[in-house]
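Inspection log for the structure reproduced underneath, given as structure tokens.
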Amino acid sequence: MKALILAAGQGTRLGNLTINKPKGMVDFFDKSIIEHQINLYTSLGITDIAIVRGYKKEEISFPNIRYYDNESYMNTNMIESLMCARDFFDDDIILSYSDIIFTKKCLSKLLENPNDIAITVDNKWKEYWILRYGKTTIDIENLKIKNDEITEIGQSIANSNNIEYRYVGLNKFTKKGTSELKKVYDIRKKDGKKWPSSNKSFLQGYMTDILQEMINMNISIKPSYISNNWLEVDTPNDLKIAKELYSSKQSIFYRENE
């Protein structure tokens, strides 16, 4: 098992915190967010770890880590950063966004998932959104599951009433799963200028765009269910709330998975 951390973005919504470093290097209790992830991976025996860098790449430097650089990070998005590391896809892989903190229980549950492609989804996300935004109508996207299969993911929507799950940004692909991922990417690169599910340009595709395209091609994507157990740092207020939740062992961050 390997781990790949996507860390090419700047994180402009964090303001002054990312003037001189990428968002994954923002300090979180005397360690960067990325270092928290590396420590958690190694604690579970995952030592072959790679990071995709872009913005202020020189600020991301850890011993015994492989690096891939997206030199076009200013003009591309998540999928292109991912594909900078496609040579790394020769084993089962955990893929994580660099702006999330997650528990060992959350990661362990994903590692135990036997499916070729498993996506961590939070079934208690609305509680966290209330803490972050005071409501559940900001930064929302669809995620639908039917018969334990993800059927829709990642498109922006106006109403969260029927959205039971939230995409986290922590995924698992077996070697077969990454083979399917590369195949779909190559098909879309050859055939189209936009991602059909979101109408984004090919170079600006999000991870959820390629996941939806895989679903559309009848590739099975399974959920790995959690109840909270994760934090996202997108804004200074997110960082403040994340530190408060991380500090309290009674908070929703430490909730037992249901």
Side-chain angles (χ1 to χ4, degrees), residues 1-10 22 24 37 46 48-55 57 60 65-100 110 113 115-121 141-145 149-156 167-224:
M1 180 67 71
K2 296 180 173 184
L4 178 65
I5 302 171
L6 298 181
Q10 177 179 354
Q37 290 193 18
I46 302 173
D48 194 350
I49 301 169
I51 300 174
V52 180
R53 305 179 298 185
Y55 172 73
K57 64 181 183 181
I60 303 177
I65 301 293
R66 298 199 225 181
Y67 295 99
Y68 298 90
D69 294 335
N70 180 1
E71 302 293 354
S72 301
Y73 70 90
M74 287 289 292
N75 303 309
T76 60
N77 215 312
M78 194 75 72
I79 297 174
E80 292 305 297
S81 291
L82 174 67
M83 288 301 156
C84 287
R86 66 184 294 160
D87 291 344
F88 192 63
F89 301 164
D90 59 356
D91 197 354
D92 297 356
I93 289 178
I94 298 293
L95 173 68
S96 59
Y97 293 6
S98 68
D99 61 353
I100 58 173
L110 184 60
N113 192 298
N115 297 289
D116 289 314
I117 305 173
I119 306 300
T120 300
V121 300
E141 56 189 31
N142 72 336
L143 201 165
K144 295 184 179 180
I145 299 172
E149 292 268 356
I150 295 177
T151 60
E152 293 183 24
I153 188 170
Q155 286 73 58
S156 295
Y167 174 69
V168 170
L170 180 66
N171 310 325
K172 190 197 83 168
F173 296 85
T174 65
K175 188 175 180 180
K176 179 181 177 182
T178 55
S179 177
E180 298 277 21
L181 183 73
K182 290 185 287 187
K183 180 177 71 175
V184 171
Y185 173 84
D186 291 339
I187 289 171
R188 292 305 311 145
K189 185 174 183 179
K190 181 183 293 185
D191 290 351
K193 295 182 179 180
K194 293 186 177 182
W195 291 96
S197 59
S198 68
N199 208 35
K200 294 186 186 76
S201 69
F202 181 77
L203 293 178
Q204 289 296 323
Y206 292 163
M207 188 69 202
T208 50
D209 288 313
I210 197 167
L211 292 174
Q212 184 64 57
E213 192 69 4
M214 295 171 81
I215 291 166
N216 295 346
M217 294 183 182
N218 298 315
I219 296 169
S220 176
I221 297 182
K222 297 284 192 176
S224 175

Test log, rule side chain to side chain contact (heavy atoms under 4.5 Å, CB included), inputs L82 and C84
CA-CA 5 Å; L82 174 67; C84 287; over 6 Å; no
Is there a donor-acceptor pair closer than 3.5 Å between any side-chain N or O of S224 and the backbone N or O of I119?
no
Using a strict cut-off of less than 4.0 Å between a Lys/Arg side-chain nitrogen and an Asp/Glu carboxylate oxygen, indicate whether D87 and R66 qualify as a salt bridge.
no
Keeping the roles fixed (side chain from T178, backbone from L181), state whether a donor-acceptor pair exists under 3.5 Å.
no
Approximate separation, where rounding is to 0.5 Å, of S198 OG and I210 CD1
11.5 Å
Please check this pair: side chain of T151 against backbone of K144, looking for a donor-acceptor N/O pair closer than 3.5 Å.
yes
In terms of heavy-atom contacts, Y55 and P22 come closest through O-CG, 3.2 Å
Nearest heavy-atom neighbours spanning D116 and K176:
OD2-CD, 3.4 Å
How long is the span from the CZ atom in F173 to the CD atom in E180, to the nearest 0.5 Å?
11.0 Å
Could you check if a side-chain atom of Y97 sits within less than 4.5 angstrom of a side-chain atom of M78, using non-hydrogen atoms only?
yes
Whether the side chain of Q37 engages the backbone of I100 through a donor-acceptor N/O pair (distance < 3.5 Å, no angle test) should be reported.
yes
Heavy-atom closest pair (P223 atom, N113 atom, distance to 0.1 Å) is O-ND2, 3.4 Å
Within 45° of the six-membered ring axis of F88 and under 6.0 Å from that ring's centre, is NZ or CZ of K2 located there?
yes
Minimum heavy-atom separation for I221 to M214, with atom names?
CD1-CB, 4.1 Å
Heavy atoms from other residues, nucleotides or ligands near NZ of K182 exceed 12 (cutoff 6.0 Å):
yes
What are the two closest heavy atoms between I215 and I150, and how far apart are they?
CD1-O, 3.5 Å
Decide yes or no on side chain to side chain contact (heavy atoms under 4.5 Å, CB included) for M207 and L211, but give the supporting numbers first.
CA-CA 6 Å; M207 188 69 202; L211 292 174; 4.2 Å; yes
Does the pair L4 and F89 meet the rule for a side chain to side chain contact (heavy atoms under 4.5 Å, CB included), with working shown?
CA-CA 9 Å; L4 178 65; F89 301 164; 3.8 Å; yes
Stepwise side chain to side chain donor-acceptor pair (under 3.5 Å) test for T76 and N70:
CA-CA 9 Å; T76 60; N70 180 1; 3.0 Å; yes
Can you tell me if OH on Y206 sees more than 12 non-hydrogen neighbours from other groups inside 6.0 Å?
no
Would you say the side-chain atoms of D69 pair up with the backbone N or O of G54, donor to acceptor, closer than 3.5 Å?
no
Can you name the nearest heavy-atom pair linking V52 to S81, along with the distance?
CG1-O, 3.4 Å
How many angstroms lie between CG in D92 and CE in M1, if you round to the nearest 0.5 Å?
4.5 Å
Under the criterion side chain to side chain contact (heavy atoms under 4.5 Å, CB included), I'd like the reasoning laid out for I117 against N171: C-alpha separation, chi angles, the key distance, then a yes or no.
CA-CA 8 Å; I117 305 173; N171 310 325; over 6 Å; no
Applying side-chain contact (heavy atoms from CB on, under 4.5 Å) between I94 and each of I49, L170, I5, report the one that passes.
L170
Considering residues, nucleotides and ligands other than M74, do more than 12 of their heavy atoms fall under 6.0 Å from its CE?
no
In short, salt bridge (charged side-chain N to carboxylate O under 4.0 Å, His left out) pairs touching residues 199-219 with sequence neighbours left out are R188-E213, K200-D209
How are the rings of Y185 and F202 set to each other: parallel, tilted or perpendicular (split at 30° and 60°)?
tilted
Are the side chain of Q204 and the backbone of N77 linked by a donor-acceptor contact shorter than 3.5 Å?
no
If you round to the nearest 0.5 Å, how far is CD of E141 from CD1 of I153?
7.0 Å
Taking only residues two or more places apart in sequence or in another chain, which ones pass salt bridge (Lys or Arg N to Asp or Glu O under 4.0 Å) with K222?
E149
If we ignore hydrogens and angles and just use 3.5 Å, is the side chain of N142 paired with the main-chain N or O of Q155 as donor and acceptor?
yes
